[in-house]
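Worksheet: the structure to be examined is printed underneath.
Below, chains carry the letters A, B, ... as their sequence lines are ordered, and counting in each starts from 1.
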There are 2 protein chains.
Amino acid sequence: MPPGVLPKGARGRILTAALRLFADLGYGGTSVRDICASAEVQATTLYVHFPSKEDVLAEIIRLGHEELLRRLREALLAAQPDPREQLVALVRAHVLSHCEHAMLAVVASAELHALSEATAAPIRVVSAQAERLALDVVERGITLQLFNCPEPALALRAISSMGQRAAYWFAPGCGKTPQQVADTFADFALRIVGAQNKN
Amino acid sequence: MPPGVLPKGARGRILTAALRLFADLGYGGTSVRDICASAEVQATTLYVHFPSKEDVLAEIIRLGHEELLRRLREALLAAQPDPREQLVALVRAHVLSHCEHAMLAVVASAELHALSEATAAPIRVVSAQAERLALDVVERGITLQLFNCPEPALALRAISSMGQRAAYWFAPGCGKTPQQVADTFADFALRIVGAQNKN
DNA sequence: GTCTATAGATAGATAGAC
DNA sequence: GTCTATCTATCTATAGAC
């Protein structure tokens with residue numbers, strides 16, 4: 001879990017335990033009893049802090065998507081105005097977030113379908129804002145003739161796919177550091193959009 | 001479901017219904033009763049054809065991975081010996097398979113963790129064979145100095161990620177045909193590995 | 001907030017008549 | 001192979017004493 005967003009006490013322990021179990025066994029494969037046992041609270045204490053098991057999942061997924069959007073915004077703000085640098089900054093932040101908070105990213109994307117449509121709707125808004133950030137950068141790069149990319153929408157799908165899947169295969173000790181993966185995938189993103197060399 | 005692999009009669013209907021439900025609700029979110037109702041058989045008929053719900057999932061996942069491997073092998077055999085053509089053929093087959101059998105691909109990858117390790121092991125072997133095909137092509141391209149690719153393992157991760165994720169977002173009527181996606185992603189793959197122009 | 005007890009529904013799986 | 005009936009376990013969620 002990203003630092004600072006986790007409530008203290010039983011509520012925070014429940015979220016942490018639920019995240020780990022949802023990532024391992026899936027939402028449907030995890031019981032409220034499992035979560036409470038892992039959080040070391042009584043089997044019914046979850047209902048003191050959340051109305052239902054689904055609300056626990058919703059909170060985790062919301063935290064996941066908001067954390068990603070926050071990091072993408074931060075990266076874009078700190079980048080030089082050159083679309084190439086902006087794309088590199090976005091991809092690096094995207095990949096790092098997925099490697100460093102792999103379980104959160106997995107649950108946030110794989111279990112979104114388990115939420116009711118009403119619960120998922122505001123989360124989809126956050127997710128759409130993140131896509132918008134990247135689309136604006138790519139379109140500006142094309143307009144400035146710095147990118148040679150006939151299918152920008154598919155290019156974005158491809159680039160975000162690389163980062164999303166990293167949450168599944170990346171593990172500390174897999175032979176790469178998150179920074180190496182982020183740097184390499186940022187280079188791949190530049191190749192995909194057909195970025196001109198800087199010099 | 002790919003043609004020709006589906007048994008006739010109740011067993012085939014059960015597999016078809018289970019695939020749709022696993023894709024929509026997840027393995028843990030689907031009950032045996034749901035499957036039988038959707039397959040229009042009695043609630044206990046599933047146990048005539050399968051020892052357990054997990055065996056239904058295992059069969060679906062096995063079919064999914066074997067179908068993908070079959071298509072990749074076929075594509076590679078039909079390709080010119082130039083690593084660039086081979087990579088294009090593999091990526092096209094990979095993307096087409098994931099677009100045309102999206103539910104199968106989603107279930108085969110997302111629910112693999114729901115299988116016991118003993119059941120998953122032979123399926124992982126099939127999956128490893130598919131990776132091997134692609135790795136051999138990329139390494140040969142590097143050896144022949146047709147590819148400029150300092151991180152071949154990460155390049156393969158990136159390329160397979162594009163195709164895998166396509167199963168999630170692609171839908172008939174999304175504005176692209178499977179062929180368009182396949183052609184575009186094959187081009188992205190060439191860009192990622194830094195393929196030299198042919199002329 | 002934490003405990004025991006338990007409601008009410010549903011899960012996977014089985015038995016046996018036909 | 002199909003049906004009815006059902007076993008046993010487990011699920012989410014609630015009630016109420018402390």
Using whole Å, report how far [atom1] of [X] lies from [atom2] of [N].
X       : N      : atom1 : atom2 : answer
B:Phe50 : D:dG1  : CZ    : P     : 11 Å
A:Leu25 : D:dC11 : CG    : P     : 11 Å
B:Leu46 : C:dT14 : CG    : P     : 11 Å
A:Arg13 : C:dG1  : CZ    : C1'   : 12 Å
B:Ile14 : D:dG1  : CD1   : C1'   : 11 Å
B:Lys53 : C:dT10 : NZ    : P     : 15 Å
A:Lys8  : C:dG1  : NZ    : P     : 15 Å
A:Ile35 : D:dC11 : CD1   : P     : 11 Å

Taking everything shown except B:Lys8 itself, do over 12 heavy atoms lie less than 6.0 Å from its NZ?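 No.
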
Base, sugar-phosphate, or nothing: which does B:Val48 touch, judged by heavy atoms less than 4.0 Å apart?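 Counting heavy atoms under 4.0 Å across all strands, the contact made by B:Val48 includes a base.
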
May I ask you to establish whether B:Arg165 and B:Tyr168 are in a cation-pi arrangement, using a distance under 6.0 Å from NZ or CZ to the six-membered ring centre and at most 45° from the ring axis? yes

Lys/Arg-Asp/Glu bridge criterion (N-O < 4.0 Å) met for B:Glu66, B:Arg70: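 Looking at B:Arg70 together with B:Glu66, the answer is no, because their closest N to O distance does not fall below 4.0 Å.
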
If hydrophobic clusters are built from ILVMFWY residues whose side chains come within less than 4.5 Å, do A:Met103 and A:Ile123 share one?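 Yes, A:Met103 and A:Ile123 fall within the same hydrophobic cluster.
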
Residue whose nearest DNA chain C nucleotide is more 5′ - B:Thr30 or A:His49: A:His49

Short N/O separations, protein against nucleotides 4-9 of chain C, under 3.5 angstrom:
residue	atom	partner	partner atom	Å
C:dT4	OP2	A:Gln42	NE2	3.4

Would you mind listing the cluster partners of A:Val48? Hydrophobic ones only (ILVMFWY), side-chain contacts under 4.5 Å, chaining allowed.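 Noted: A:Val48 shares its cluster with no other residue.
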
Treating A:Glu54 as the side-chain partner and A:Ser116 as the backbone partner, does any N or O pair qualify as donor plus acceptor under 3.5 Å?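 Yes; judged by distance alone, with no hydrogens or angles, the pair exists.
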
Measuring only between side-chain heavy atoms, which start at C-beta, is B:Asp82 closer than 4.5 Å to B:Leu146? yes

Strictly below 4.0 Å: does A:Ser31 bring a side-chain N or O up to OP1 or OP2 of D:dC11? yes

